[in-house]
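Please find one structure pasted underneath; my questions will follow.
Note: hydrogens, waters and symmetry copies are ignored here, and every other heavy atom, side chains too, is used. Chain letters run A, B, ... following the sequence lines, proteins first and then strands; every chain starts at 1.
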Number of protein chains: 2
Amino acid sequence: MAKLDDTDRQLLMLLQEDDRQALAVLSEKIGVAVSTINDRIKRLVRTGMISGFHARIAPEAIGLDLLAFIMVSWSNPKVEAIFLERVKASPDVLECHHITGAWNYLLKVRVGTTRDLERFLTETIKAVDGVERTETLITLSTTKETWSVRV
Amino acid sequence: MAKLDDTDRQLLMLLQEDDRQALAVLSEKIGVAVSTINDRIKRLVRTGMISGFHARIAPEAIGLDLLAFIMVSWSNPKVEAIFLERVKASPDVLECHHITGAWNYLLKVRVGTTRDLERFLTETIKAVDGVERTETLITLSTTKETWSVRV
DNA sequence: CAGGAATTTCGGAAGTCTTACGGAATTAAG
DNA sequence: CTTAATTCCGTAAGACTTCCGAAATTCCTG
């Protein structure tokens, strides 16, 4: 965890909002030379502070209208490895977290329709031998969904 | 929801993995002219298919070591407006979803330590008058966390 | 606190990449 | 089958990024 100065912080804030701003624009906003901005970005990438640059796709624009959180549990610890393998391979799964509490894992899943969700549950999750229970929370609406963190 | 051809789909896949590839590289990979790639990207942005270009920051690299999901509920419907206002304003909250089931809302929250989490719960969530119950699921590890969707 | 090493900043030159444009080609409509 | 509309492409202009050496700053050590 390298230390960041104020220039780095401003830069990170600006780039996580929009990574396509010209160096000249960033230079103007932050108040350091264009070449310095370039150096800083390069360094932030090299040191792993910035892990990538990604276009964000509007899910509804491509027919992914259903967002769900699925909690999964099992009792046989051997289940985990197979479960994770399946989950990692599935493009429907955006996130997979090992969590505290009554459940083993929490998944964030995006699909087109309830039909797709049903198929996902039967063919991907419940098809894993040993999975005992799941609970699905359907998202009715999303008020906030950002990738920007405080820095 | 405009329709996408195969070029659009390939382009979206490539750009959500890495939006900094030169047009010439994308042109090479997909097999259409550089100027066509440019046209397509411009159109995908104009039509809202692509909603933005974002640098992704490695959370642990900047000391955000704690990820939690918090479920919140209340019975007085007047609570919602104030709750959402607070949540939108808080940089700790990455996501806020209205969900089905026993709870009203699900939050995805990223902070530094359990101490920060405690502060968030007391000062941001429980400080909202009318919030009755919360349940916090701490993330022990994250197996998958992507923004890439199938397209 | 001084001296020196290491790092960072900067402006400018060079090179690369994006953008805009018009005509050709393809697709869609009548 | 003809015409209109859209998309595709190569090119040239312009914008942007990258690289460089020198100056400035910071950091370390004695």
Side-chain angles (χ1 to χ4, degrees), chain A residues 1-64 112 147-151, chain B residues 1-64 112 147-151:
Chain A
M1 178 179 158
K3 60 186 173 311
L4 303 169
D5 64 12
D6 201 55
T7 301
D8 289 320
R9 262 185 287 274
Q10 288 185 65
L11 200 44
L12 289 172
M13 282 311 263
L14 291 168
L15 290 177
Q16 65 181 344
E17 292 305 327
D18 178 11
D19 74 36
R20 293 217 151 181
Q21 301 173 79
L23 300 186
V25 173
L26 296 167
S27 161
E28 176 75 16
K29 286 182 181 171
I30 299 179
V32 298
V34 169
S35 53
T36 302
I37 297 285
N38 189 41
D39 292 343
R40 291 296 186 113
I41 296 177
K42 286 280 182 296
R43 186 173 56 175
L44 288 169
V45 170
R46 185 166 37 76
T47 58
M49 209 87 29
I50 291 177
S51 64
F53 300 92
H54 307 277
R56 180 178 186 165
I57 295 177
E60 328 76 36
I62 58 167
L64 292 173
W147 301 332
S148 292
V149 295
R150 192 214 314 258
V151 28
Chain B
M1 177 182 159
K3 60 185 176 310
L4 303 169
D5 66 10
D6 201 54
T7 301
D8 289 321
R9 263 184 287 274
Q10 287 185 64
L11 200 44
L12 288 173
M13 283 311 265
L14 291 168
L15 289 177
Q16 66 182 342
E17 292 306 327
D18 178 10
D19 74 36
R20 293 219 152 181
Q21 301 174 79
L23 299 186
V25 173
L26 297 167
S27 161
E28 176 75 17
K29 287 183 182 170
I30 298 179
V32 297
V34 170
S35 53
T36 302
I37 297 285
N38 190 40
D39 293 344
R40 292 297 187 114
I41 296 177
K42 285 282 183 296
R43 187 173 55 174
L44 288 168
V45 171
R46 185 165 38 76
T47 60
M49 209 87 29
I50 293 177
S51 65
F53 299 93
H54 307 278
R56 181 178 186 166
I57 296 177
E60 327 75 35
I62 58 167
L64 292 174
W147 302 330
S148 293
V149 295
R150 190 216 313 259
V151 27

Heavy-atom distance under 4.5 Å between the side chains of B:Leu14 and B:Lys29, does that happen here?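 Side-chain contact under 4.5 Å: yes.
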Between C:dT19 atom P and B:Leu23 atom CG, what is the distance in whole Å?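 Spelled out: CG on B:Leu23 to P on C:dT19 is 7 Å.
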Just to verify, which of A:Ile41, A:Asp8, A:Leu11, A:Leu4 counts as forming a side chain to side chain contact (heavy atoms under 4.5 Å, CB included) with A:Met49?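 Of the listed residues A:Ile41, A:Asp8, A:Leu11, A:Leu4, the side chain to side chain contact (heavy atoms under 4.5 Å, CB included) partner of A:Met49 is A:Leu4.
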What's the CD1-P distance between A:Ile41 and D:dC19, to the nearest Å?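 To the nearest whole Å, that distance equals 13 Å.
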Whole-Å distance separating the CZ atom of B:Arg46 from the C1' atom of D:dT7: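 Whole-Å distance recorded here is 12 Å.
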Compare side-chain N and O positions of B:Asn38 against OP1 and OP2 of C:dT19 and report whether any pair is under 4.0 Å apart.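 For C:dT19, OP1 or OP2 has a side-chain N or O of B:Asn38 closer than 4.0 Å.
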CD of A:Glu28 versus P of D:dC16: gap in Å, rounded?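 Roughly 13 Å, once rounded to whole Å.
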What's the NZ-C1' distance between B:Lys42 and D:dC8, to the nearest Å?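 So the two atoms are 16 Å apart, to the nearest Å.
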Could you give the CZ-to-P distance, from B:Arg20 to C:dT16, as a whole number of Å?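 Atom-to-atom, B:Arg20 to C:dT16, this comes out as 19 Å.
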Kindly indicate whether a cation-pi arrangement holds for A:Arg56 with A:Trp147, taking the cut-offs as under 6.0 Å to the six-membered ring centre and within 45° of the axis.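 Relative to the ring axis of A:Trp147, which defines the angle, A:Arg56 lies inside both limits.
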Using side chain to side chain contact (heavy atoms under 4.5 Å, CB included) as the criterion, list what pairs up with A:Asn38, not counting sequence neighbours.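 Counting only residues at least two positions away or on another chain, A:Asn38 forms a side chain to side chain contact (heavy atoms under 4.5 Å, CB included) with A:Leu23, A:Lys42.
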Close N or O pairs between protein and nucleotides 8-11 of chain C (under 3.5 Å):
from	atom 1	to	atom 2	distance (Å)
C:dT8	OP1	A:Arg43	NH1	2.7
C:dT9	OP1	A:Arg40	NH2	2.3
C:dT9	OP2	A:Arg40	NE	3.1
C:dC10	OP2	A:Ala33	N	2.9
C:dC10	OP2	A:Thr36	OG1	2.8
C:dG11	N7	A:Ser35	OG	3.2
C:dG11	O6	A:Ser35	OG	3.1

Nearest-Å distance, CD1 (B:Ile37) to C1' (D:dG10)?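 Atom CD1 in B:Ile37 sits about 15 Å away from atom C1' in D:dG10.
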Side-chain donor or acceptor of A:Thr47 paired with backbone N/O of A:Arg43 under 3.5 Å: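 It does hold such a pair.
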Within this structure, what is the CG-to-C1' distance between B:Asp6 and C:dT26, rounded to whole angstrom?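 It is 17 Å, rounded to the nearest whole Å.
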Output all residues satisfying side chain to side chain contact (heavy atoms under 4.5 Å, CB included) with A:Gln16, sequence neighbours left out; order by chain, then residue number.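 For A:Gln16 the side chain to side chain contact (heavy atoms under 4.5 Å, CB included) partners, ignoring immediate neighbours, are A:Met13, A:Ser148, A:Val149, A:Val151, B:Ile57.
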